[in-house]
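Single-structure report; data block below.
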There are 2 protein chains.
Amino acid sequence: MAEPLTSEPRYGNRPTMKDVAARAGVGLKTVSRVVNGEPGVTSGTERRVREAIDALGFRRNDSARVLRKGRTATIGLVLEDLADPFYGQIGRAVEEVARAHGTLLINGSSARDPEREQELALALCARRVDGLVVIPAGDDHRYLEPEMRAGVATVFADRPAGLIDADTVLSDSFGGARDGVAHLIAHGHRRIGFVGDRPAVHTAAERLRGYRAAMEDAGLPVDERWVAPGSTDPERVTAAVTAMLSGPEPVTALFTGNNRVTVTAVRVLAARTASGGGRAPVAPVALVGFDDVELGDVLGLTVIAQDPAALGRTAAEHLFRRLAGTAEPPRHVVIGTRLLARGSGETPPPSP
Amino acid sequence: MAEPLTSEPRYGNRPTMKDVAARAGVGLKTVSRVVNGEPGVTSGTERRVREAIDALGFRRNDSARVLRKGRTATIGLVLEDLADPFYGQIGRAVEEVARAHGTLLINGSSARDPEREQELALALCARRVDGLVVIPAGDDHRYLEPEMRAGVATVFADRPAGLIDADTVLSDSFGGARDGVAHLIAHGHRRIGFVGDRPAVHTAAERLRGYRAAMEDAGLPVDERWVAPGSTDPERVTAAVTAMLSGPEPVTALFTGNNRVTVTAVRVLAARTASGGGRAPVAPVALVGFDDVELGDVLGLTVIAQDPAALGRTAAEHLFRRLAGTAEPPRHVVIGTRLLARGSGETPPPSP
């Protein structure tokens with residue numbers, strides 16, 4: 001055990017190169033040469049400087065190096081929510097690519113707040129990241145244009161950039177949702193509910209559009225009581241799902257627009273099945289969710305799976321191509337989804 | 001739509017204050033005054049400087065400010081794995097506290113690699129974070145002592161610091177595991193398997209110690225074939241669980257040491273139940289896992305739940321107390337766990 005380090009609090013009171021120079025009895029330039037591994041220092045002087053560095057606990061300040069050199073070998077990632085496993089997987093993929101390029105990834109989350117997204121993205125720029133991967137919370141990214149012009153390579157992932165043309169990597173939200181709803185229709189469903197995220201969120205709007213397209217493709221009318229976009233708050237989702245399952249003509253199937261909504265819908269359906277156990281059997285409700293969830297296989301959950309690792313990897317790789325000097329026009333990549341049929345989406349509607 | 005920004009790639013070629021000064025026809029000091037909001041500039045000059053800033057896309061470089069001021073209003077978090085929901089929740093809690101203190105959180109992950117942990121922690125220090133929350137991957141943190149002496153407030157979370165005495169916030173791994181195994185014993189089990197993380201991981205060792213203590217408390221012998229610490233790799237866990245369930249005297253209950261192990265054990269048990277459906281019924285196996293998992297409620301999974309939000313919040317709050325100058329000796333906080341009985345841990349052993 002070392003001595004407790006807190007007996008002598010010196011936070012914010014770091015030794016400087018000047019302190020090192022004074023203690024070693026040498027000039028500032030000599031200390032700088034030693035710290036930066038430059039030639040022109042005798043071994044005896046270097047030893048004196050190193051002893052002073054150790055004694056004072058001096059550490060080189062990369063801030064000074066950034067001022068001298070163009071690049072920092074750091075990229076930033078603006079996530080939406082650190083605690084959402086979907087974004088965690090994107091983050092890990094971006095980090096792996098950054099690491100392969102000898103680059104440090106630093107990230108933070110917007111907590112779904114456009115102002116926080118802006119604050120965080122600009123704070124990362126002010127700390128001189130070479131590039132940014134942004135998962136947008138807001139829909140106006142003109143605030144990033146000066147940064148981009150000044151040289152911060154920027155790629156948007158999961159949702160498009162707002163009001164600027166920039167590199168983006170998205171999942172096929174429209175196509176995936178259309179496939180998922182078509183799957184329910186193919187299993188005999190006609191009254192299908194859609195519960196998704198707020199319509200201001202691009203992916204949520206696209207998935208709703210996919211739902212409507214699948215219904216229209218099949219010539220099925222959409223009763224607006226079956227469509228419930230809104231927050232992913234569990235109370236809101238519970239109320240929306242419960243309402244659709246009530247009344248004389250309840251929906252027989254649900255399409256949920258993302259993993260947060262799916263998790264709550266699964267809870268509502270499970271509670272319903274459990275409560276029906278003792279009395280008249282409750283008609284089973286089919287469910288297809290956009291996004292996979294952990295243990296979705298064990299739960300028998302049919303999903304439209306995105307590939308968050310591919311999203312993150314593709315965005316990061318494109319960022320490094322930009323940093324390497326690629327001058328091609330903004331590229332818009334769309335990554336396909338996969339339907340994983342595991343049971344919940346293949347339940348037929350109750351016989352009329 | 002704005003003009004594509006990529007037609008003129010200038011990455012790493014940022015305008016400097018010198019460029020602004022040249023364009024505005026003023027001295028460097030004048031530009032510095034305008035950028036930093038200092039007095040002594042006439043409004044006409046200020047306008048010329050601002051026009052030059054806009055035209056060049058100049059942005060203030062916080063690296064320069066760090067050199068002048070002691071604090072950066074940034075803290076760093078070294079996570080183990082961005083994609084593990086447990087760490088995601090710790091990260092979100094730390095971020096909320098940082099935000100309440102007007103501080104930016106930047107983080108990255110060690111990917112369970114002690115060298116990467118060190119590299120990342122030192123890179124964050126070199127970028128002048130005011131403090132660090134570290135979730136250790138390694139067991140020797142002497143490399144951080146010079147940073148801590150130089151003023152980087154540091155708190156360790158989830159696992160203790162190695163070979164240095166420092167602030168730590170841990171879950172009660174030993175007590176939680178003992179409670180979980182005692183719960184299985186109370187439901188009639190005698191042959192109980194333990195599948196956990198590598199024994200070099202402090203929390204894994206503590207949980208194994210809790211398992212042994214509960215068995216000893218009940219006067220039950222431990223067959224070493226029931227004890228399988230190792231990696232959380234799904235193949236390794238699948239093999240370990242399968243081996244314990246085979247042979248003439250299989251275990252009747254499992255205690256899994258963390259959420260990664262639990263997820264795989266649940267898959268093994270679910271596949272076993274499904275495959276037994278057509279033939280002789282497979283004896284059900286009781287399961288208690290350390291850590292909650294998403295939809296564990298719907299799956300009927302009995303767990304020893306940690307409180308990752310409390311871990312992160314407590315660590316971050318203590319970090320800010322250190323930054324505010326608290327000079328008390330290193331504090332070691334242990335946060336209790338909760339047993340959530342949901343079914344899987346209450347299955348009795350098959351009648352002999």
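Quick note on labels: first sequence line is chain A, next is B, and so on, each numbered from 1.
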Between A:R92, A:R116, A:E119, which shows the greatest number of heavy-atom pairs under 4.5 Å with chain B?
A:R116

Results of side-chain contact (heavy atoms from CB on, under 4.5 Å) for B:R267 - residues two or more places apart only:
A:L295, A:D297, A:V298, B:V263

Atom pair OG1 (A:T74) and CG (B:L124), whose distance is rounded to the nearest 0.5 Å:
9.0 Å

Quick one: do the B:S109 and A:E95 side chains pair a donor with an acceptor below 3.5 Å?
yes

Region of B:R99 that comes under 4.5 Å of a non-hydrogen atom in chain A:
side chain

Region of B:D81 in contact with chain A, defined by heavy-atom distances below 4.5 Å
side chain

Can you measure from CZ (A:F156) to NE2 (A:H332) and round to the nearest 0.5 angstrom?
10.0 Å

